[in-house]
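Along the sequence shown, residues carry numbers from 1. Owing to the predicted nature of the structure, the values given are computational and were not obtained by experimental measurement. All values below were derived from every heavy atom in this structure, side-chain atoms included, with hydrogens, water molecules and symmetry-related copies excluded.
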Amino acid sequence: MAFYPEELIEEVRSRNDIVDVISGYVRLQKKGSTYFGLCPFHNEKTPSFSVSPGKQMYYCFGCGAGGNVLTFVMQYENFTFPEAIQSLAGRAGITLPEREMSTEQRQRADRRAKLLEINKEAAKYFYTLLRDPRGERALTYFQKRELTAQTMQHFGLGYADKYSNDLYRYLKKKGYSDDLLKDSGLVSVDETRGGYDKFWNRAMFPIMDVNHRVIGFGGRVMGDGEPKYLNSPETMIFDKSRNLYGLNFARSSKRTGILLCEGYMDVIALHQAGFDNAVASLGTAFTSGHASLLKRYTKEVYLTFDSDGAGVRAALRAIPILKEAGLTAKVIDMQPHKDPDEFIKALGAEAYQKRIDAAENSFLFEIRMLERDYDLSDPESKTAFFRRVSERLLTFRETLERENYIEAITRRYQIGFEQLRSMVNHAGTREGIAAREKPLPVRSRKTKEKDDGMNQSQRMLLTWLIEEPSMFDAVGAYITPEDFTGELYRQAAGALYEQHSRGELNPARIISLFPGEEQQREVAGLFQAGMRLPDDSRDRQKALTETVRRVKQNSIEAQMRQLDPTDIAGLQRLMEDRKSLAKLHIYID
């Protein structure tokens, strides 16, 4: 990762006005001193996404996304921090210093750049050939699949010529070496045949990473050749297990969840029908790498695999992988049609949306598929089936969740709730489930509510200090950064107090001090409490006094818990501080 000095990072940030940048992605409307729009990070109908030109921050009161202009570009474009810095520096006309790399690192980076360049050139060439007389057969194929010219352009669809060295000769004319071309995965070179293409006489599907860079290709043969579908081999820039077809578009969809398909045409057909949240794995089984990638963009995945046996098996393999990654999975029923492409053509987008709305819970789908292996009209087979179901129910570690699923199974299969629960408990005794479950303390909910209330008080105080710096002297007489509990709150408060001491208040700069995107999001939330001080002078003083008192009281209690029992002087000091809280009153204009 490239290192840039803090002052340079701040220059890049300050030269990119957050309203100007975000308005290029989100339609914003000004309300008072703040701009609002529909959040690009979750689906919503009422704008809860706010952009503050004064603070140079954004915050969504719906999903909690927040940060400064660097955070936004990282989150929206899925950029790394150096990539976000480079993008915004370019926008502002700032020249960044050369990244310090070893010779080996520079060579590797240069080779990656060349391979991306070669793939981009190939994609442009295939795209041109499709619209040339030589590409008529592929163009007819796409048209028969009912793809519009706009859709073909959107996905960059193309054609690889029928001559097996056509692309090789084209790229050689562009000056690329055999060594680089071999590493691109687009051509092979040997002493007997010379250079020849991996893809020829095929309708071509460029594969892009989330930043719209072409990293590989899929090709469907025109005619009876084998294999019917061919994908690029893995290269320095193409890892099948960590990329998904269509994710470069789906990641910015406003629709709920991600539709996971099996093939390129399913993705394209769904996007054309308005379901721009569809993706597919790249000619390989769904992996944990795919699940981790999806988790960056969604919490819910809809499996819309083929309705045949292979599609069912693929769904059954994907479900546990998605669960392991912490994603909720649902299964869309394509019957009586084979796949989403066929379904959309036959019944249309509205009918498909109804299937999404009626998608089946993945666990109940697994049980329904398990049922196929048993004869429920036979008592012995039926008992064996429920025994297996009981074992599967044990995968839910929380009692409430497990009992909810027991209830769902009893409704579907007309078995008594207590009967099935008894079977589950019996299976659990064998598995030792009781030892694995740890009941929550009775007071945990009250403790959590108290913590949430205190965090809100601390957030309000930080927000008010930013919005009305004139209060600093009055508040600072009672509250120091050390009075904020929680490491993140304390660090943010410390940075804010330090800025004020230098005659500066710049919350957007404070966000840049935190390296992780999640930390930046949390810090943005600290400065956007969402509750303003009252306009009436008396009410303002009362609200501020009560908030300061709560924060100080919490700080005293935290210090007492950590105090050495033998520290009598420390205890007396804290007791005096506690007494003085009763008399505390903050006066502000």
Side-chain angles (χ1 to χ4, degrees), residues 116 118-163 166-167 170-171 186 197-223 225 227-232 238 243-253 255 258-283 304 337-349 352:
L116 287 168
I118 288 170
N119 275 268
K120 184 177 180 180
E121 283 290 347
K124 288 161 60 178
Y125 186 61
F126 293 147
Y127 181 90
T128 302
L129 283 184
L130 181 67
R131 290 143 184 88
D132 184 272
R134 288 177 289 172
E136 184 178 356
R137 190 172 186 181
L139 183 62
T140 301
Y141 166 75
F142 286 132
Q143 289 170 341
K144 284 183 177 178
R145 299 297 296 263
E146 299 181 17
L147 299 186
T148 65
Q150 183 181 0
T151 296
M152 286 187 260
Q153 180 183 9
H154 185 64
F155 283 91
L157 303 183
Y159 171 66
D161 202 5
K162 62 182 179 180
Y163 300 108
D166 185 65
L167 179 66
Y170 174 79
L171 292 173
L186 288 167
D197 302 341
K198 289 284 181 70
F199 298 96
W200 52 280
N201 193 32
R202 290 179 181 272
M204 298 299 292
F205 302 82
I207 298 166
M208 302 180 198
D209 65 12
V210 292
N211 297 317
H212 303 286
R213 298 177 299 193
V214 180
I215 55 175
F217 294 88
R220 188 200 187 281
V221 70
M222 294 289 94
K228 184 177 179 181
Y229 281 96
L230 179 67
N231 289 307
S232 291
F238 182 44
N243 288 281
L244 290 162
Y245 184 72
L247 187 59
N248 54 313
F249 300 124
R251 71 188 182 94
S252 56
S253 172
R255 287 183 172 272
I258 292 283
L259 300 171
L260 181 60
C261 311
E262 287 190 85
Y264 303 138
M265 283 305 304
D266 290 331
V267 171
I268 295 170
L270 284 169
H271 279 248
Q272 182 170 277
F275 300 97
D276 60 353
N277 55 333
V279 302
S281 54
L282 300 161
T304 179
H337 300 286
K338 180 177 181 282
D339 55 38
D341 182 27
E342 189 179 295
F343 186 100
I344 292 286
K345 286 183 174 66
L347 301 177
Y352 187 77

Item to check | Donor-acceptor pair, side chain of D197 and main chain of W200, under 3.5 angstrom | outcome: no
Checklist outcome for this item: Sorted by chain and number, sequence neighbours left out, side chain to side chain contact (heavy atoms under 4.5 Å, CB included) with A122 holds for F126, L167, L186, F217
Checklist entry - Which pair of heavy atoms, one from A349 and one from A273, lies closest together, and at what distance? => result CB-O, 3.8 Å
Item to check | Exercise: identify the closest heavy-atom pair between A203 and M222 | outcome: CB-CE, 3.8 Å
Next on the checklist: Just so I know, are the side chains of N243 and L282 near enough to count as touching, which here means a heavy-atom distance under 4.5 Å?
Outcome noted: yes
Quiz: residues 149-159 side-chain donor-acceptor pairs under 3.5 angstrom, not counting sequence neighbours:
from	atom 1	to	atom 2	distance (Å)
T151	OG1	T148	OG1	3.0
T151	OG1	Q272	OE1	2.6
Y159	OH	N201	OD1	3.2

Next on the checklist: Run the side chain to side chain contact (heavy atoms under 4.5 Å, CB included) test against V221 and tell me which residues pass, sequence neighbours left out.
Outcome noted: R202
Item to check | Short side-chain to backbone donor-acceptor contact, R255 and G274, under 3.5 Å | outcome: yes
Next on the checklist: Counting only heavy atoms from other residues, nucleotides and ligands, does the tally under 6.0 Å from CD of E136 exceed 12?
Outcome noted: no
Next on the checklist: Applying side chain to side chain contact (heavy atoms under 4.5 Å, CB included), can you list everything that pairs with N248, at least two apart in sequence or on another chain?
Outcome noted: M208, H212
Checklist entry - Does the side chain of V279 reach to within under 4.5 Å of the side chain of L259, using non-hydrogen atoms? => result no
Checklist entry - How long is the span from the CG atom in L116 to the CD atom in E121, to the nearest 0.5 Å? => result 12.5 Å
Checklist entry - Run the side chain to side chain contact (heavy atoms under 4.5 Å, CB included) check on I344 and F275 step by step: do they pass? => result CA-CA 11 Å; I344 292 286; F275 300 97; 4.1 Å; yes
Checklist entry - Are the side chains of T304 and Y352 in touch, meaning some heavy atoms are under 4.5 Å apart? => result yes
Checklist entry - Is any side-chain heavy atom of F199 closer than 4.5 Å to a side-chain heavy atom of L230? => result yes
Item to check | Flag, side chain of H337 to backbone of A346, donor-acceptor distance under 3.5 Å | outcome: no
Checklist entry - Nearest 0.5 Å, what's the CZ-CG distance between F249 and D276? => result 10.0 Å
Next on the checklist: A side-chain contact here means heavy atoms from C-beta on lying under 4.5 Å apart; do P206 and Y127 qualify?
Outcome noted: no
Under 3.5 Å, which donor-acceptor pairs do the side chains of residues 261-270 form with other protein atoms, sequence neighbours left out?
from	atom 1	to	atom 2	distance (Å)
E262	OE2	D306	N	2.6
Y264	OH	N231	OD1	2.4
D266	OD1	D341	N	3.3

Next on the checklist: Let me confirm one number: the CG-NZ distance from L129 to K162, rounded to the nearest 0.5 Å.
Outcome noted: 12.0 Å
Checklist entry - How are the rings of Y229 and F205 set relative to one another: parallel (under 30°), tilted (30 to 60°) or perpendicular (over 60°)? => result tilted
Checklist entry - Checking side chain to side chain contact (heavy atoms under 4.5 Å, CB included) for the pair R131/L139: CA distance, chi angles, key distance, verdict? => result CA-CA 7 Å; R131 290 143 184 88; L139 183 62; 5.7 Å; no
Item to check | Y141 and R137 side chains, donor-acceptor separation under 3.5 Å | outcome: no
Checklist entry - How would you list, by chain and number, every residue that makes a ring-ring contact (aromatic ring centres under 6.0 Å, His included) with Y163, sequence neighbours excluded? => result none
Checklist entry - When you look at NZ of K345, are more than 12 heavy atoms from neighbouring residues, nucleotides or ligands closer to it than 6.0 Å? => result yes
Checklist entry - Does a side-chain heavy-atom distance below 4.5 Å link I207 with V214? => result no
